[in-house]
Chemist: 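Questions regarding the structure given below will be posed in turn.
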There are 2 protein chains.
Amino acid sequence: MKDNNEMPGHLARRFQQIAVAVFHSQAEAAGYDLTPVQYAALAAISANPGLDQVTLAGMIAYDRTTIGGVVDRLVQKGLLERTASVKDRRARALRITEEGRQTLTGITPAVEAAQRLMIQGLSDDEANELMRLLRKAIAAGNELSRAPLREADAKGGQAKAGR
Amino acid sequence: MKDNNEMPGHLARRFQQIAVAVFHSQAEAAGYDLTPVQYAALAAISANPGLDQVTLAGMIAYDRTTIGGVVDRLVQKGLLERTASVKDRRARALRITEEGRQTLTGITPAVEAAQRLMIQGLSDDEANELMRLLRKAIAAGNELSRAPLREADAKGGQAKAGR
DNA sequence: TGCTGATCATCAGTATACTGTCAATATGTC
DNA sequence: GACATATTGACAGTATACTGATGATCAGCA
């Protein structure tokens with residue numbers, strides 16, 4: 001049996017586990033109660049007002065079922081607004097609220113601190129190399145997960161699913 | 001706002017997401033219904049018969065609450081045996097069953113294939129470097145998560161929790 | 001021996017993540 | 001314009017993961 005430390009899968013899980021823990025502790029220390037997903041969703045919607053859920057899911061590479069619950073909780077917290085889309089009655093247009101915008105602005109330093117903390121053991125060069133290798137591995141495996149990253153073009157159309 | 005691709009936390013989640021998807025598809029293709037955690041737990045118990053749950057959690061760096069559910073499901077599937085420990089009546093001694101051993105043997109090629117697949121975009125050198133950097137970052141952040149890795153010494157004693 | 005603090009397993013509660021399915025609605029084609 | 005097909009959002013179900021609490025038990029010590 002191979003050592004766990006030789007298994008990319010095990011290392012991936014451990015690193016992500018630490019990343020999430022660091023995110024939580026930094027966010028909490030700054031006085032916010034946002035999870036990593038919630039932050040990513042909020043930031044994406046802030047940058048793309050009127051987004052629908054499927055496009056949002058594609059932009060941050062989450063499953064659309066998962067995003068439903070995430071958006072629910074953000075709406076409940078008053079950070080997001082979900083209204084029926086005018087152009088497509090199946091879709092819901094997502095918009096950030098004023099409170100959401102304040103939260104996003106306020107939490108950003110904590111998020112950036114967390115990103116630095118989770119690679120505190122690496123030099124700058126090593127951190128850059130780690131990110132390069134992760135990006136490369138992810139690009140090669142993008143289509144292997146149910147929630148691949150989708151480039152959203154400006155007009156809201158999505159790339160066809162290549163499943 | 002920084003690009004997601006510059007955020008170690010985002011990359012970590014994406015990579016792990018792909019890793020889990022690859023594990024599942026390989027395991028399923030081989031005819032097994034085991035999750036990554038379940039596999040890790042089964043392998044650890046196979047190598048250390050009579051393990052209790054807390055020590056197991058420390059060995060594979062999972063939260064002890066999570067491990068409870070994982071062990072439950074493995075017992076239900078008939079792959080594990082959970083008996084009261086003789087030496088410590090609080091603890092449960094975990095042992096792999098014959099069926100569990102067969103499952104472990106049978107699934108191992110699929111697990112190894114999955115480990116290769118999730119880094120298919122990298123050269124051997126790059127894969128080794130990625131694993132080295134992940135190990136380094138993890139070592140520096142080990143104590144930051146609720147479920148740090150604990151070296152179990154041979155006699156079943158654990159390192160003292162440093163919380 | 002009796003007490004105190006630590007440890008093991010479990011429970012309740014919350015939030016991801018995924019598979020699979022379904023109703024409502026769009027869209028492309030004839 | 002009717003229809004086959006695809007898409008959006010939702011739901012049910014399963015499995016991680018975590019926080020915080022509790023009961024049972026153990027180990028060290030007065």
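In what follows, chains carry the letters A, B, and so on, assigned in the order in which the sequence lines appear, proteins first and then strands, with residues in each chain numbered from 1.
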Chemist: For the pair made of CG in A/Asp72 and P in D/dA10, what is the distance, rounded to whole Å?
Modeler: 7 Å
Chemist: Determine yes or no for a side-chain-to-main-chain donor-acceptor pair under 3.5 angstrom, with A/Ser46 supplying the side chain and A/Leu42 the backbone.
Modeler: no
Chemist: Rounded to whole angstroms, how far apart are CD on B/Gln53 and C1' on D/dT25?
Modeler: 15 Å
Chemist: Do the side-chain N and O atoms of A/Asp52 and A/Thr55 include a donor-acceptor pair separated by under 3.5 angstrom?
Modeler: yes
Chemist: A/Lys87 has an atom NZ; how far is it from atom C1' of C/dA24, in whole Å?
Modeler: 19 Å
Chemist: Can you tell me how far C1' of D/dT16 sits from CG of B/Leu74, to the nearest Å?
Modeler: 13 Å
Chemist: Nearest nucleotide by nearest heavy atom, which residue falls closer to the 5' end of DNA chain D, A/Gly68 or B/Gly69?
Modeler: A/Gly68
Chemist: Return the residues of residues 12-23 of chain A meeting this criterion: a heavy atom under 4.0 Å from some atom of DNA chain C. Order them by number, or give none.
Modeler: none
Chemist: Distance check needed: C/dA17 P versus A/Arg64 CZ, whole Å only.
Modeler: 17 Å
Chemist: Roughly, in whole Å, what's the span from CG in B/Asp63 to P in C/dT10?
Modeler: 14 Å
Chemist: Do any side-chain nitrogens or oxygens of B/Arg89 fall under 4.0 Å of OP1 or OP2 in D/dA24?
Modeler: no
Chemist: Under the side chain to side chain donor-acceptor pair (under 3.5 Å) rule, collect the residues that match up with B/Thr66, sequence neighbours excluded.
Modeler: none
Chemist: Please determine whether a side-chain nitrogen or oxygen atom of A/Thr66 lies at a distance below 4.0 Å from atom OP1 or OP2 of C/dA15.
Modeler: no
Chemist: Tell me, please, which residues at least two apart from B/Gln17 pass side chain to side chain donor-acceptor pair (under 3.5 Å).
Modeler: B/Arg14
Chemist: Return the 5'-most residue of the pair B/Arg90, B/Lys77 with respect to DNA chain D, ranking by each residue's nearest nucleotide.
Modeler: B/Lys77
Chemist: So which heavy atom on B/Tyr39 is nearest to which on B/Leu34, and how close?
Modeler: CA-CD1, 4.2 Å
Chemist: Tell me if a side-chain donor or acceptor on A/Gln115 pairs with a main-chain N or O of A/Glu112 at a distance below 3.5 Å.
Modeler: no
Chemist: Would a single hydrophobic cluster contain both B/Val71 and B/Leu104, if residues Ile, Leu, Val, Met, Phe, Trp and Tyr are joined by side-chain heavy-atom contacts under 4.5 Å?
Modeler: yes
Chemist: Taking OP1 and OP2 of C/dA17, is either one under 4.0 Å from a side-chain nitrogen or oxygen of A/Tyr62?
Modeler: yes
Chemist: Nearest-nucleotide wise, let me know which of B/Ala93 and A/Gln76 is further upstream toward the 5' end of DNA chain C.
Modeler: B/Ala93
Chemist: Give the nucleotide from the list C/dC8, C/dG20, D/dA15 with an atom nearest to the side chain of B/Gln38.
Modeler: D/dA15
Chemist: Using modelled atom types and a 3.5 Å cut-off, is there a donor and acceptor pairing between side-chain atoms of B/Ser85 and backbone atoms of B/Arg92?
Modeler: no
Chemist: Could you state the NE2-P distance from A/His24 to C/dA15, rounded to the nearest angstrom?
Modeler: 9 Å
Chemist: Does OP1 or OP2 of D/dT16 have a side-chain N or O of B/Thr35 closer than 4.0 Å?
Modeler: yes
Chemist: If you assign each of A/Asp88 and A/Val70 to its closest nucleotide in DNA chain C, which residue comes earlier from the 5' end?
Modeler: A/Val70
Chemist: If you compare every side-chain N and O of B/Arg73 against the phosphate oxygens of D/dT16 (OP1, OP2), does one of them come in below 4.0 Å?
Modeler: yes
Chemist: Roughly, in whole Å, what's the span from CD in B/Glu28 to P in D/dA15?
Modeler: 14 Å
